[in-house]
Amino acid sequence: METESEPYVRLASLRQLHQAMADMNTARSLADTLQTVADGVVHALGYELACVNLVRPDGDLVVAAFAGNQAAEALITGRVGSRDSWDRRLGMGEQWGDLIFIPHTEGWILDDDDVPQWYTDGPAPRFEDEWHPSDRLFAPMYAPGPQGGGNSGELVGVLSVDRPRNGRRPGAWGREALQMYAFQAAIAISNARLRSNMQRALVRLERDQQALRASEESFRQAFEYAPSGMAIAEMGGDQHGRILRTNDALCRLLGRPASAMRRYAFSDLVHPEDIGTLLRTSAEGGRAELRLGRRDGTYVWVSLRNSVVADAADGPRFLLTHVEDIEERKRRELQLAHRASHDSLTGLPNSAELRSRLAARLCRRPQSSHAGVVDAMDAAYGDAAVFDSGGGDAAVFDSGGHTFDFGAAAADPYGAYDHHVHAVAPEDGRDDGTKGLAVLFCDLDGFKSINDRFGHNAGDAVLIEVARRLSDGVRDGDTVARLGGDEFVILANGLGRADAQDLAVRLRGEIIQPIRAEGRAVRVGASFGIGWAHCGMTADEVLKSADERMYVEKRSRPKQHRRAG
């Protein structure tokens with residue numbers, strides 16, 4: 001602005017002021033806006049020096065822009081003044097509307113505060129309204145308040161101006177122009193800050209979106225090209241467990257195309273015996289081993305590991321399922337389990353497995369005052385059943401509806417046998433129609449001589465063939481086991497005495513048929529002892545009883561009749 005005296009202000013000066021305001025509102029960045037504000041004070045308002053003190057987030061003010069003197073700019077730009085010092089400055093001096101003027105007569109009070117400032121030399125004033133080098137003039141910049149203009153908003157910064165070109169303190173018009181300029185500068189700075197914050201937010205958003213896209217692409221590639229099966233399934237609602245997406249490895253494993261997989265839920269594919277395992281795993285996440293159905297109707301053992309994909313607002317949404325083929329491992333485990341429980345030569349259940357199966361059919365009698373009652377009931381009602389009636393008490397009932405409650409003391413020994421049917425034995429000497437668990441103890445006659453004459457290979461061939469004939473001669477569900485050496489045991493449930501004796505005769509007849517061993521036909525005989533398993537006995541007691549009966553039967557037959565041929 002030119003230095004002409006008020007109230008004469010040329011139109012060119014107004015144009016300069018208008019252009020300065022336009023420039024600071026069109027600056028491209030916050031830094032450009034701050035510098036434009038400082039330059040406008042010098043170029044349009046007629047001051048030689050101008051400084052923009054910007055409020056920082058912590059409340060202190062930093063010298064953010066300077067105009068008019070490069071030496072002073074280098075000295076104080078970037079320096080910080082405390083908010084307390086600035087509040088003291090803005091609370092003293094003369095109030096010129098929103099402006100604060102501190103004359104040189106009062107400014108000495110501020111010489112020791114921490115507000116950055118510069119000093120200019122010059123002669124003392126010669127007349128009353130002449131500007132003194134130590135005079136200070138501040139224009140606070142307030143963001144517009146809720147009601148619009150004025151200083152009701154938040155302090156944005158402070159404009160410091162010095163050395164008017166006309167050498168005089170500003171008059172009414174000059175003060176109004178500086179106050180209006182500070183108001184517009186506050187708006188421009190607030191808008192620039194908002195744009196800057198928005199630009200930073202947009203940069204962060206774009207960076208986050210790029211990271212999300214990269215993460216999604218990484219997940220897609222990891223999902224699609226994983227060497228083991230992967231699937232995404234719905235969680236919750238009517239469509240719980242429905243498959244939404246599968247990778248190629250899972251489709252190959254199950255022999256089903258991806259389009260067909262989307263028609264199924266995992267519950268449709270799992271083996272019926274593994275449904276409970278699947279439901280527990282789906283509800284809780286975690287890991288389980290179960291069988292999934294292939295397209296050809298077979299099942300494959302898999303390790304299924306679920307991870308619940310949750311949303312912070314909506315809670316669990318999806319199940320990410322990892323499916324690993326463990327068929328080979330399961331096959332090895334089953335082979336190891338079979339080897340541990342079966343005879344390596346004949347493939348029959350071994351002694352340990354025989355005792356386990358036999359013990360599973362028996363329960364021990366309660367050792368309590370009710371034992372006599374149980375004995376009496378066995379005599380009175382025969383094949384009775386024990387069940388848990390609830391609350392820890394046990395009851396025994398028969399098919400005629402007789403029910404007895406023994407209480408908790410009698411229930412404990414039967415706790416593991418809910419709905420257990422007692423094993424009973426037909427009475428000796430007669431066939432009264434009672435069906436029981438027959439234990440046939442078989443010992444081969446003449447086997448040792450075959451081993452001695454023809455060698456162990458021939459003996460092994462005989463044992464293998466005898467095992468086959470015994471297995472073919474019993475019903476499905478009966479057990480044929482090799483106890484050891486040339487001893488075999490048959491467990492046959494639901495037989496009467498006559499039935500068991502007929503079975504022994506029939507099996508003996510099968511065994512005595514010629515057997516090809518090492519290129520020659522040999523014969524062995526067999527002695528059978530029939531024992532009966534009933535509750536109250538141990539497995540060893542049952543086997544011992546059958547063994548003793550076998551020896552009785554063996555001794556009762558002439559030696560020449562024990563082996564045919």
Side-chain angles (χ1 to χ4, degrees), residues 34-35 37-38 40-42 45-69 72-122 124-125 129-145 149-164 168-172 174-187 189-190 193:
L34 295 171
Q35 189 60 51
V37 169
V41 173
V42 173
L45 293 179
Y47 294 92
E48 293 185 8
L49 300 174
C51 175
V52 179
N53 300 275
L54 187 67
V55 176
R56 302 192 313 182
D58 62 3
D60 293 340
L61 281 74
V62 61
V63 177
F66 195 94
N69 187 307
E73 179 179 358
L75 177 66
I76 68 171
T77 299
R79 293 176 57 188
V80 178
S82 66
R83 184 62 176 264
D84 291 340
S85 296
W86 273 107
D87 287 342
R88 185 166 59 254
R89 288 189 175 215
L90 298 180
M92 61 182 295
E94 301 176 16
Q95 289 284 139
W96 291 355
D98 291 339
L99 306 180
I100 304 297
F101 175 70
I102 302 177
H104 64 277
T105 55
E106 300 180 17
W108 61 271
I109 300 175
L110 306 175
D111 288 343
D112 295 329
D113 67 14
D114 62 356
V115 173
Q117 54 191 350
W118 66 91
Y119 297 91
T120 56
D121 296 327
D129 64 346
E130 189 175 1
W131 184 269
H132 190 279
S134 296
D135 288 342
R136 295 178 173 87
L137 180 58
F138 304 113
M141 297 180 291
Y142 295 97
N151 61 357
S152 58
E154 179 184 2
L155 182 68
V156 173
V158 178
L159 277 175
S160 300
V161 300
D162 192 18
R163 292 170 57 181
R168 299 187 182 92
R169 297 176 182 177
R175 298 173 188 177
E176 183 68 23
L178 179 59
Q179 181 174 308
M180 179 179 62
Y181 187 84
F183 176 74
Q184 293 297 326
I187 295 175
I189 292 172
S190 296
R193 270 183 165 171

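Heavy-atom basis, side chains included; hydrogens, waters and symmetry copies ignored.
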Heavy-atom pair with the smallest gap, counting every atom of A143 and A186: N-CB, 4.3 Å

By salt bridge (Lys or Arg N to Asp or Glu O under 4.0 Å) - contacts of D87 (at least two apart): R83

Closest non-hydrogen atom pair between R79 and P116, with its separation: CB-CG, 3.6 Å

Side-chain donor/acceptor of D129 to backbone N/O of R168, under 3.5 Å: no

Closest approach of P140 to A182 (non-hydrogen atoms, all atoms of both residues): O-CB, 3.9 Å

Residue pair W86 / D60, side-chain heavy-atom distance below 4.5 Å: no

Worked verdict on V161 versus L45 for side-chain contact (heavy atoms from CB on, under 4.5 Å): CA-CA 10 Å; V161 300; L45 293 179; over 6 Å; no

Counterpart residues, salt bridge (Lys or Arg N to Asp or Glu O under 4.0 Å), relative to D113 (two or more places apart): R89

side-chain hydrogen bond (donor to acceptor under 3.5 Å, both in side chains) against E130, all qualifying residues, sequence neighbours excluded: none

Over all atoms of both residues, closest heavy-atom pair of V62 and G78: CG2-O, 3.5 Å

Rounded distance [0.5 Å steps], OG in S160 versus CD1 in I76: 8.0 Å

Residue pair Q95 / I100, side-chain heavy-atom distance below 4.5 Å: yes

Pairwise side-chain contact, L159 with Y47, heavy-atom cut-off 4.5 Å (strictly under): no

Side chains of L178 and L137 in contact at under 4.5 Å (non-hydrogen atoms): yes

Validation row: V156, V55 side chains within 4.5 angstrom (heavy atoms): no

Heavy-atom closest contact (L49 atom, G68 atom, distance): CD2-C, 3.6 Å

Non-neighbouring partners of E48 that pass salt bridge (Lys or Arg N to Asp or Glu O under 4.0 Å), sequence neighbours left out: R163

Test item: I102 and F138 side chains (from C-beta on) under 4.5 Å apart, heavy atoms: yes

Derivation of the side-chain contact (heavy atoms from CB on, under 4.5 Å) call for V52 and M141: CA-CA 10 Å; V52 179; M141 297 180 291; 4.1 Å; yes

Sub-4.5 Å side-chain heavy-atom contact between F101 and R169: yes

Atom pair CG (L99) and CD (E176), whose distance is rounded to the nearest 0.5 Å: 8.5 Å

Residues in side-chain hydrogen bond (donor to acceptor under 3.5 Å, both in side chains) contact with T77, at least two apart in sequence or another chain: none

H104: side-chain hydrogen bond (donor to acceptor under 3.5 Å, both in side chains) partners, not counting sequence neighbours: D135

L155 side, atom CG; L54 side, atom CG - distance, nearest 0.5 Å: 9.5 Å

A67 versus Q35, closest heavy-atom pair with distance: CB-NE2, 4.3 Å

Residue pair R193 / S190, side-chain heavy-atom distance below 4.5 Å: no

